[in-house]
There are 4 protein chains.
Amino acid sequence: MAKKVDKEQRQAELLESAVAVFAERGYQATTMDEIAERAGVSKGMLYIYFKNKEALFGAVFRWFGQQIGELMVDAIGDIEDEVEQIRRITTLWAEVAIQQREFVPLFLDFWAAASLRGMRNDYAEDLATMYDEYRTLIIGIIERGQAKGTFRAETDARAIAYLLVGGMDGIFIQSWLAQPEHLDQLMQNAIEMLLQGITT
Amino acid sequence: MAKKVDKEQRQAELLESAVAVFAERGYQATTMDEIAERAGVSKGMLYIYFKNKEALFGAVFRWFGQQIGELMVDAIGDIEDEVEQIRRITTLWAEVAIQQREFVPLFLDFWAAASLRGMRNDYAEDLATMYDEYRTLIIGIIERGQAKGTFRAETDARAIAYLLVGGMDGIFIQSWLAQPEHLDQLMQNAIEMLLQGITT
Amino acid sequence: MAKKVDKEQRQAELLESAVAVFAERGYQATTMDEIAERAGVSKGMLYIYFKNKEALFGAVFRWFGQQIGELMVDAIGDIEDEVEQIRRITTLWAEVAIQQREFVPLFLDFWAAASLRGMRNDYAEDLATMYDEYRTLIIGIIERGQAKGTFRAETDARAIAYLLVGGMDGIFIQSWLAQPEHLDQLMQNAIEMLLQGITT
Amino acid sequence: MAKKVDKEQRQAELLESAVAVFAERGYQATTMDEIAERAGVSKGMLYIYFKNKEALFGAVFRWFGQQIGELMVDAIGDIEDEVEQIRRITTLWAEVAIQQREFVPLFLDFWAAASLRGMRNDYAEDLATMYDEYRTLIIGIIERGQAKGTFRAETDARAIAYLLVGGMDGIFIQSWLAQPEHLDQLMQNAIEMLLQGITT
DNA sequence: GATGAATGAGAGTTCATTCAT
DNA sequence: TATGAATGAACTCTCATTCAT
C-alpha cells in the first residue's frame, strides 16, 4: 500500500549520491541541492532521511568506515600465517589507495571534520573507535604470531599497530600528493623491512 | 612615513592571529572578522596584506612548513650517527605532536584544502614539495648510513622515507584522536623495531 | 506544488520592482536589498530568478527594448502613408520622452553600461542590435516612400535612419535636461523641416 | 621658496590623469588609488585638490565641456557663410566622435551621473547649461542666416538647434555602438538633407 | 606640505533549512 | 508523502576617506 521504495533502500541511495558528491567537491563545497539532484529526489526528501547536512556527512562517514573494516576482515579471513596477514592488509591498503583515489579527499575531510567543532560532534569519537578496531585487529594478529613464535616476544604489538595504521594512512596521503609510480611496491618494501625487524 | 609598525612585523602579527583562529575553528568556520578582531585591526587591513582568505591560509601553510623543516634540520644538525638521527627526527615529531596539539586540525585542513579545488590552488604542489624535502632529508640519512655500513645495503631508502614520513603523519592524526598516554614511548618503540629491520 | 505564485508572474514582478529602483537610483546605487524590499520578497529570491545583479539589469534592459520596439511597430501598423509613418514614430518618441520621463536615467545607465566592461558583457551587442532594428524599420519606410515617389530618389535612407534614431535619442536626453515646455511641438517642427528636405 | 610645482599646473595634471582613468574604466570602476598612481602622486594629494571623488568627476566633466565649446567656437570662427558653419560644426562632431572614440564612455557616464542623484549634484544643471550654450550658438547661426535670407524665415531655429545637438549626440552614441564605416559621410549626408529642408 | 597605512560601513552573493501546498 | 519556492543570516571583499607621521 505504501510507496514501493522501502526506506532502507532509499536511504542507501541517498547515501551513495552523497558519497559521490562529497568526494568530488569536499564537504563545504557540496550543496544539498547537488546531492538531491544526483539522487534524483527533492531537497526536502534529504531532510526526511537525515537531520541536516552534518548528519548526512556523518552517515557517509560511518558507512565508509564499515566498508573498510569489512574489507580488512575479508582480506585476512582465509589466511593462517600472521606475517602473510600483515602483508595482505598492507596490500589491501595499497589497492584502496590506488583504485579508490577519488575518495582520498573525502577521508581528509573526515579527519578535518573530526578534528574540529569541539565537543559538539562525535566524529572524533567515531573515528577513534574505527581506528581502534583496526589496531585491535592488528594487535590480535601480532599477538597470535607471538604466541606461535613467528614474531619476537619483545615486540610491542600496540606500537606496531600504531605505526602500521598510522603509516598506511600517511602513505595514503603521501601517495595522493606525490603519485609515486610504484606505490604498491613501495609499501610492500616498507612493510617487509618492518617485518624483518619483528620476525624471529 | 609609515604610520606605526613596520610592514613585516604587521604581516607577522596578522599571520599569528590567523594561525590561532584557523587552528581553533578550521578554515571554513574561520571568518575574516574573527582574525581581524584577534589581531586587533580592521578587516580591511587583512586585505591589504593578503589578497584574500585563501591567500592568508596559504601563507599560514607555508610558514608552518618552513618552521617544521627548520626544526627537522636543527634536530639532526650536530648528530653524527645516522641511527641516532632517525631517532631524533622521530622524537621531534612526537614532541611536536604532543606540544603543538592544537595545530593538528590545521594540518588536517591543509591536507583537505590541498586535496580539493582542482588545479586552481597550488596547495597540493606546495604540500608535495614540502614532503618531498622531508623525504629527501631522510633518504640522505639512510644512504649515508648505508655507505658507512650502518644500514643494510639492500634497504630501500625511498620506501623507508615514505613509511617514516607517512607513518609520522599517521601517528600525528592517530595520537590526536586517541590521545595515548605514552605516545612518545610508543613512537620510539615503533621506530626501534623498524630500525632493527634495517640495521646490520 | 509551487508555493503561491507562478514563476513567470513572479519573475515579472521582480522585474517590475527592479525597473523602478534602477530608474530611481541608477544601476550602481541600486542595492539588491532595495529591489527585494520593493518587491516584498527576500533578497535570496532575486538570486533564484536572476543569476546576479548584472543579469537582472540585463533582463530589465532587454524587456525595455522589446516594449519600445513593439510600441514603434504598433504606432505605424495601420498607416499607409510613409511621411505620416515617420511623423507617428516621432510623435511616439516625444510621448514616451514626456510620459515615461522617469525612465530616461535608466536608458542612460544602459548606454553607460554598454560602453564599459570590455568584452565581458553583451550589452553593447544587444543595444546595437536593438538600434539596428529601429533603423531597419525606418530605412524600410524611406525606401517604400522612395519606390512610391514620396521621397526623393537620391535620399540616403541609411543616413536619415541614423539621424532620426540618433536624433530622437539625443532629444530624449536634451528634453530630460532642459525640460522644454513644448517638446512635442519642437520635435514635430524639427521633423517637418527634415521631411521638407527629403520629400519631393 | 614654496614648492616649485604651482597649484594650477598640479591640478591640471591630476585632472588629466583622472580623465584618462575615468574614460578607461567608467566612474564607478575607477578607484582613487588608480588615479593617484597614474598621476604619480599620493592618494592624500587628490583630496587636497578635490573634495572627493564626485567633485573630481565634476571637475573632469566641466573641463570637457569647456574643451568642446572652445572647439566649436574655433571651428566656425573664420567662416562667414552660415550654411557652411552648420556643416563645419557637424564635421567637427564627426571628427570628435571618430578620433576621440575612447571618451564616449566618459560622456555616457556624465549623462548617467547627471540624470541621477536628485537635487544633490549640479551635474544636470551644468550639463543643461553646456548644451544650452551649444544650442544658442546654433540658434545664432540660423538666425543670422535667416536675416541674410539664406535660411527660410519660417524655420524654427530652436527646433533645428535641438535636432542638431540632440542628433549629433545620438549619432555619437550610435556610432560608438555600430561603428559604421563612413560615419563622417553619413553625418554629412544627414545634415545636407536637413539643410535642404531649411535653406531657401 | 605630502604620504599611504588604516579604517569600517556596506555591497553582492550563497545555501542550509523550512514549510505551505 | 513529497516537493521546491522561499527565506535570511552570514560571509567575503571593496574602496572612499581620514589622519598620524
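Remember, predicted model here, so these are calculated numbers, not experimental data. In what follows, chains are A, B, ... by sequence order, proteins preceding strands, each numbered from 1.
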(Q) What is the distance, to the nearest angstrom, from the CD atom on B/Glu37 to the P atom on E/dA6? (A) 18 Å
Q. Given Watson-Crick or G-U pairs with both distances under 3.5 Å, what dot-bracket string fits DNA chain E, with | for other-strand pairs and [ ] for crossing?
A. .||||||||||||||||||||
Q: Ignoring the backbone of B/Arg10, work out which of F/dT3, F/dT7, E/dA6 is nearest its side chain.
A: E/dA6
(Q) Please pick, from F/dT3, F/dT7, E/dG1, the nucleotide with the shortest atom-to-atom distance to any side-chain atom of A/Ile48. (A) F/dT3
(Q) In whole Å, I'd like the distance from the CE atom of B/Met45 to the P atom of F/dC15. (A) 17 Å
Q: Name all residues meeting the salt bridge (Lys or Arg N to Asp or Glu O under 4.0 Å) criterion together with D/Glu102; count only those two or more places apart in sequence or in a different chain, and write none if there are none.
A: none
Q: Please report, rounded to the nearest Å, how far the C1' atom of E/dA6 is from the CD atom of B/Gln11.
A: 15 Å
Q. Tell me: CZ of B/Phe57 to P of F/dT12, nearest whole Å?
A. 13 Å
Q.
Quick check: B/Phe57 with B/Phe50 (ring centres under 6.0 Å apart)?
A. no
Q: Can you sort out the partners of D/Lys53 under salt bridge (Lys or Arg N to Asp or Glu O under 4.0 Å), two or more places apart, ordered by chain and number?
A: none
(Q) Using whole Å, what does the distance between atom P of nucleotide F/dC13 and atom CG of B/Leu46 come to? (A) 11 Å
Q.
Rounded to whole Å, how long is the line connecting atom NZ of C/Lys7 with atom P of F/dT3?
A. 16 Å
Q. So do the side chains of B/Tyr27 and B/Glu54 get within less than 4.5 Å of each other, counting heavy atoms only?
A. yes
Q | 5'-most by nearest nucleotide on DNA chain E - B/Val41 or D/Gly40 | A | D/Gly40
Q: Please check if the side chain of D/Asp109 supplies one atom and the backbone of D/Gly26 the other of a donor-acceptor pair under 3.5 Å.
A: no
Q | Side-chain touch C/Leu15/C/Leu56, heavy atoms, less than 4.5 angstrom | A | yes
Q. Between F/dC13 atom P and B/Leu56 atom CG, what is the distance in whole Å?
A. 10 Å
Q) With respect to A/Asp33, which candidate in A/Lys43, A/Arg38, A/Arg25 satisfies the salt bridge (charged side-chain N to carboxylate O under 4.0 Å, His left out) definition? A) A/Lys43
Anything under 3.5 Å between a protein N or O and an N or O of nucleotides 10-14 of chain E, put it in a table, one pair a line.
from, atom 1, to, atom 2, distance (Å)
E/dG10, O6, B/Lys43, NZ, 3.0
E/dG12, OP1, C/Thr30, O, 3.2
E/dG12, OP1, C/Lys53, NZ, 2.9
E/dG12, OP2, C/Met32, N, 3.0
E/dT13, OP2, C/Tyr47, OH, 2.8
E/dT13, OP2, C/Lys53, N, 2.9
E/dT13, O4, C/Lys43, NZ, 2.6

Q: For A/Ile35 and F/dG4, give me the distance from atom CD1 to atom C1', rounded to whole Å.
A: 16 Å
Q. Partners of C/Glu37 by salt bridge (Lys or Arg N to Asp or Glu O under 4.0 Å), sequence neighbours excluded?
A. none
Below 3.5 Å, can you tabulate the donor-acceptor pairs from side chains in residues 58-67 of chain A to any protein atom, sequence neighbours excluded?
from, atom 1, to, atom 2, distance (Å)
A/Arg62, NH1, A/Asp126, OD2, 2.9

